[in-house]
K.L.:
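Here you go, one structure.
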Amino acid sequence: MPREDPIMVKEITKKNNISNASRGKAGAPKNSAGSGDARNVERLRSVLNIMHFRGESNQQYLDNALNEAIAITGSKIGYIYYYKEDTKQFILNSWSRDVMKECTVVDPQTVYALDKTGVWGEAVRQRKAIVLNDFGAPHPLKKGYPEGHVELRRFLTVPIFRDDAVVAVVGVANKESEYDEADILQLTLLMDAVWKYFELKTSEDARRESEEKFRIMAENSSDVIWHMDSACRFTYISPADERMRGYGKEEVIGTELWSMLKPEGVEHIKKANAGRLEDERRGVKTGPLRYELEQKCKDGSWVWTEITVVAYRDKTGLLTGYHGVTRDITERKLYERQLLEANRRLQEAMSHAQELAEHAEAANRAKSEFLANMSHEIRTPLNGVIGFTDLLKNTDLTSVQRQFVENANISAQSLLGIINDILDFSKIEAGRIELETIKTDITELVETASDIIKFQASKKNLELLINIHPDTPNFAAVDPVRLKQVLVNLLSNAVKFTDSGEIEIKLRFSKIDDRKGRYFFEVRDTGIGISEEQKAKLFKAFTQADTSTTRKYGGTGLGLIISNLLIEKMGGKIELLSEPGRGSVFFFSLETEYGY
């Protein structure tokens with residue numbers, strides 16, 4: 001019907017009754033008993049026509065019902081609108097053909113809000129039939145209708161109820177005579193029957209559509225979909241079961257689940273169900289049950305499956321059956337076995353590797369302990385050689401004899417240095433070296449280390465520079481013996497590999513808080529330098545950057561690695577900047593407590 005109406009409302013005093021204004025002038029019904037019987041026959045015939053109508057869709061069914069409503073009331077045009085109580089909206093379902101022929105409204109509206117409607121919305125607002133037999137009379141609810149709308153002379157609309165809710169409205173118009181109570185009753189009864197059948201038909205169509213969707217899904221699913229009754233007998237099983245186990249549908253329907261399981265599978269399900277019943281008894285919320293079970297195949301083999309089961313009950317809570325899905329998990333089980341086997345082999349390999357590592361560590365400790373002990377054994381007689389050659393130098397010797405004695409003493413001193421390096425290295429590897437942290441005058445320590453190599457530097461005419469930043473605190477908590485050992489090693493290397501130029505040792509400080517700070521040490525030379533390839537060998541035991549340097553400069557290569565291991569135990573790391581022919585810079589930092 002129109003968005004705005006040029007017609008008036010004749011009030012109807014009670015639901016499904018009309019006012020006396022819709023009766024004849026004498027107040028008696030216009031229809032005789034004979035005409036009433038004829039109307040009943042017409043209504044019944046319309047109902048039968050509607051029920052026997054075989055349209056392709058529900059829309060065609062309602063279109064036909066609207067035509068019957070127009071015919072039974074003697075009207076010319078009509079409509080059906082759905083009504084949504086929650087949104088208070090009318091949604092157009094059907095207009096009669098004659099309306100469409102006569103209506104020339106551009107872009108007609110199909111959805112109306114209840115509060116925007118005129119008198120035709122009163123059927124919902126007043127929840128009763130509305131009769132209007134004089135559209136020309138003025139009325140406050142009248143809002144007019146758009147240009148091109150079909151001309152209206154008389155109008156009748158009734159609401160359709162379901163459970164006290166309005167679900168639709170049907171309207172007819174332009175009867176030759178006035179609409180009366182009989183028209184209202186005929187239209188109300190007709191549309192009530194129509195809507196009941198429409199809902200039944202809609203529900204049946206939805207059920208058939210749902211069943212067809214389920215059938216398509218079940219027949220094409222790779223998983224097996226099934227139903228069982230409360231006795232665990234199959235009442236339906238999808239074709240996927242034949243592809244998985246080889247049994248046809250007719251071989252499975254009516255059989256019990258237990259017949260296709262191993263005894264341990266049956267026991268597993270019964271235990272799980274007992275636990276489920278106990279949870280339900282205690283009020284614990286439960287979901288679908290899942291089992292991993294082997295099922296029997298027609299060829300006698302067994303297939304691993306995952307079964308998901310949901311029990312369903314009637315309104316009283318009585319168990320009526322089960323829905324379930326079965327999935328072939330043979331490949332997954334194979335992968336799981338392979339993974340378990342791989343994990344087992346990995347555990348064995350790791351255990352074996354752990355044993356080898358422990359043996360290697362024990363052998364390494366034994367080697368280091370042996371070297372440490374042997375170093376002590378060798379150093380004792382060597383100290384005797386050094387001592388007696390020192391004494392021999394103080395006796396009357398010829399020049400040749402003195403040269404021999406000095407060579408022997410120098411060789412013994414060199415050998416003692418190598419043995420001391422080996423001893424330190426062995427102690428560090430064996431974990432037997434302990435650091436002693438004491439308050440140390442760090443400035444004096446740097447100067448002492450410089451004094452030790454000063455004579456070596458002067459013999460090569462090298463300038464030795466000491467650069468200590470003035471803000472550096474005098475005292476630090478360090479191991480003075482080991483720190484001096486590192487600085488002397490770095491300075492000795494600088495002198496050894498520098499033929500001309502200078503050696504510089506730097507010290508600066510960065511404050512962290514009132515108790516702790518970081519000391520930065522740096523030894524720079526203008527020596528031969530080191531390439532990138534050679535840097536990788538520097539901190540490896542018993543190696544030098546270039547094997548040719550062993551012949552020229554000598555040494556075992558242990559000095560630098562011992563120094564680095566000591567600095568690492570102190571919490572730092574020796575690093576290097578160098579280029580061949582341009583000298584080297586070795587540097588490290590230590591975080592420690594400080595004082596002035």
Side-chain angles (χ1 to χ4, degrees), residues 213-228 232-249 251-253 255-282 284-312 319 321-365:
K213 287 180 178 178
F214 175 80
R215 184 190 66 79
I216 293 172
M217 179 191 70
E219 291 185 359
N220 292 279
S221 173
S222 59
D223 295 336
V224 182
I225 300 171
W226 48 265
H227 304 310
M228 292 192 302
C232 293
R233 291 185 297 264
F234 286 96
T235 57
Y236 169 82
I237 195 159
S238 66
D241 187 58
E242 185 170 3
R243 295 191 293 270
M244 183 175 73
R245 299 192 305 125
Y247 289 104
K249 183 189 300 185
E251 297 177 276
V252 179
I253 300 299
T255 63
E256 292 185 344
L257 171 66
W258 320 118
S259 65
M260 62 178 64
L261 302 178
K262 289 183 175 181
E264 55 266 31
V266 175
E267 187 65 24
H268 176 63
I269 290 180
K270 289 182 177 179
K271 284 184 179 179
N273 285 345
R276 173 69 166 265
L277 291 174
E278 177 61 22
D279 287 342
E280 291 179 350
R281 186 186 65 79
R282 291 187 289 110
V284 177
K285 188 175 181 180
T286 57
L289 285 172
R290 287 184 174 82
Y291 311 99
E292 289 187 1
L293 303 167
E294 287 186 277
Q295 292 194 39
K296 187 178 180 180
C297 298
K298 193 171 183 178
D299 61 6
S301 62
W302 295 85
V303 59
W304 270 103
T305 61
E306 180 185 68
I307 301 175
T308 304
V309 187
V310 177
Y312 58 96
L319 178 68
Y322 302 91
H323 296 301
V325 177
T326 300
R327 173 170 293 177
D328 185 345
I329 59 169
T330 303
E331 287 190 8
R332 191 178 84 191
K333 282 293 183 180
L334 176 61
Y335 294 149
E336 286 178 359
R337 287 196 296 271
Q338 291 174 343
L339 182 60
L340 287 173
E341 178 61 21
N343 283 337
R344 184 190 64 79
R345 291 198 298 267
L346 179 60
Q347 289 294 333
E348 290 179 353
M350 290 175 64
S351 177
H352 183 60
Q354 181 66 26
E355 291 178 5
L356 292 177
E358 290 174 356
H359 290 321
E361 186 177 350
N364 193 51
R365 282 197 303 268

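Computed from a predicted structure; not experimentally measured.
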K.L.:
What's the separation between atom OH in Tyr236 and atom CH2 in Trp226, rounded to the nearest 0.5 Å?
P.N.:
13.0 Å
K.L.:
Any salt bridge between Glu336 and Lys333, counting N to O under 4.0 Å?
P.N.:
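Yes, Glu336 and Lys333 are salt-bridged.
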K.L.:
Grab the two heavy atoms, one from Tyr247 and one from Val252, that are nearest each other, plus how far apart they are.
P.N.:
CB-CG2, 3.7 Å
K.L.:
Here's a test for you: under side-chain contact (heavy atoms from CB on, under 4.5 Å), which of Gln295, Met244, Arg327 qualifies with Val224?
P.N.:
Met244
K.L.:
Could you measure the distance from the CG atom of Asp328 to the CD atom of Glu306? Nearest 0.5 Å is fine.
P.N.:
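Rounded to the nearest 0.5 Å, the CG-CD separation comes to 11.0 Å.
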K.L.:
Heavy atoms only: give me the nearest Cys232-Tyr322 pair and the separation to one decimal.
P.N.:
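Residues Cys232 and Tyr322, closest heavy atoms: SG-CE1, 4.0 Å.
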K.L.:
Hey, are the side chains of Leu334 and Trp304 touching, using non-hydrogen atoms and a 4.5 Å cut-off?
P.N.:
no
K.L.:
Please check if atom CD in Gln338 has more than 12 non-hydrogen atoms from other residues, nucleotides or ligands closer than 6.0 Å.
P.N.:
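More than 12 heavy atoms, drawn from other residues, nucleotides or ligands, come within 6.0 Å of this atom.
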K.L.:
Whether the side chain of Thr305 engages the backbone of Leu293 through a donor-acceptor N/O pair (distance < 3.5 Å, no angle test) should be reported.
P.N.:
yes
K.L.:
Where do Met228 and Tyr312 come nearest, in terms of heavy atoms and distance?
P.N.:
O-OH, 3.9 Å
K.L.:
Find the distance between CD (Gln347) and CG (Leu340) and round it off to the nearest 0.5 Å.
P.N.:
11.5 Å
K.L.:
Going from CD on Glu292 to CD1 on Ile329, what distance comes out if it is rounded to the nearest 0.5 angstrom?
P.N.:
4.0 Å
K.L.:
What's the separation between atom CD1 in Ile237 and atom CD1 in Ile225, rounded to the nearest 0.5 Å?
P.N.:
10.5 Å
K.L.:
Please verify the inter-ring angle class for Tyr291 with His268; under 30° counts as parallel, over 60° as perpendicular, anything in between as tilted.
P.N.:
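Answer is perpendicular, since the angle exceeds 60°.
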K.L.:
Should Asp299 and Ser301 be marked as a side chain to side chain donor-acceptor pair (under 3.5 Å) after you check the CA-CA gap, both sets of side-chain angles, and the distance that decides it?
P.N.:
CA-CA 6 Å; Asp299 61 6; Ser301 62; 2.6 Å; yes
K.L.:
Would you mind reporting whether Asp241 and Thr326 have side-chain heavy atoms less than 4.5 Å apart?
P.N.:
no
K.L.:
Evaluate the side-chain proximity of Ile269 to Val309: yes if any heavy-atom separation is below 4.5 Å, no if none is.
P.N.:
no
K.L.:
With a 4.0 Å cut-off on N to O distance, would you call Arg245 and Glu251 a salt bridge?
P.N.:
no
K.L.:
Taking all atoms of both residues into account, what is the closest heavy-atom pair of Val310 and Pro288, and its distance?
P.N.:
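Minimum heavy-atom separation between Val310 and Pro288: CG2-CB, 3.9 Å.
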K.L.:
For Ser221 and Ala240, which heavy atoms make the closest approach, and how far apart are they?
P.N.:
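Reported closest heavy-atom pair: O-CB, 3.4 Å.
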K.L.:
Can you tell me how far CD of Glu355 sits from CE of Met350, rounded to the nearest 0.5 angstrom?
P.N.:
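Between Met350 CE and Glu355 CD, I get 12.5 Å after rounding to 0.5 Å.
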K.L.:
Is the closest basic N to carboxylate O distance between Arg344 and Glu341 below 4.0 Å?
P.N.:
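Yes, charged N to carboxylate O under 4.0 Å.
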K.L.:
Check whether more than 12 heavy atoms from other residues, nucleotides or ligands sit under 6.0 Å from atom OH of Tyr335, and answer yes or no.
P.N.:
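No, OH of Tyr335 has 12 or fewer neighbouring heavy atoms, counting only those of other groups under 6.0 Å.
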K.L.:
Applying side chain to side chain contact (heavy atoms under 4.5 Å, CB included) to Trp302 and Lys296, what does each step give before you reach the verdict?
P.N.:
CA-CA 5 Å; Trp302 295 85; Lys296 187 178 180 180; 3.6 Å; yes
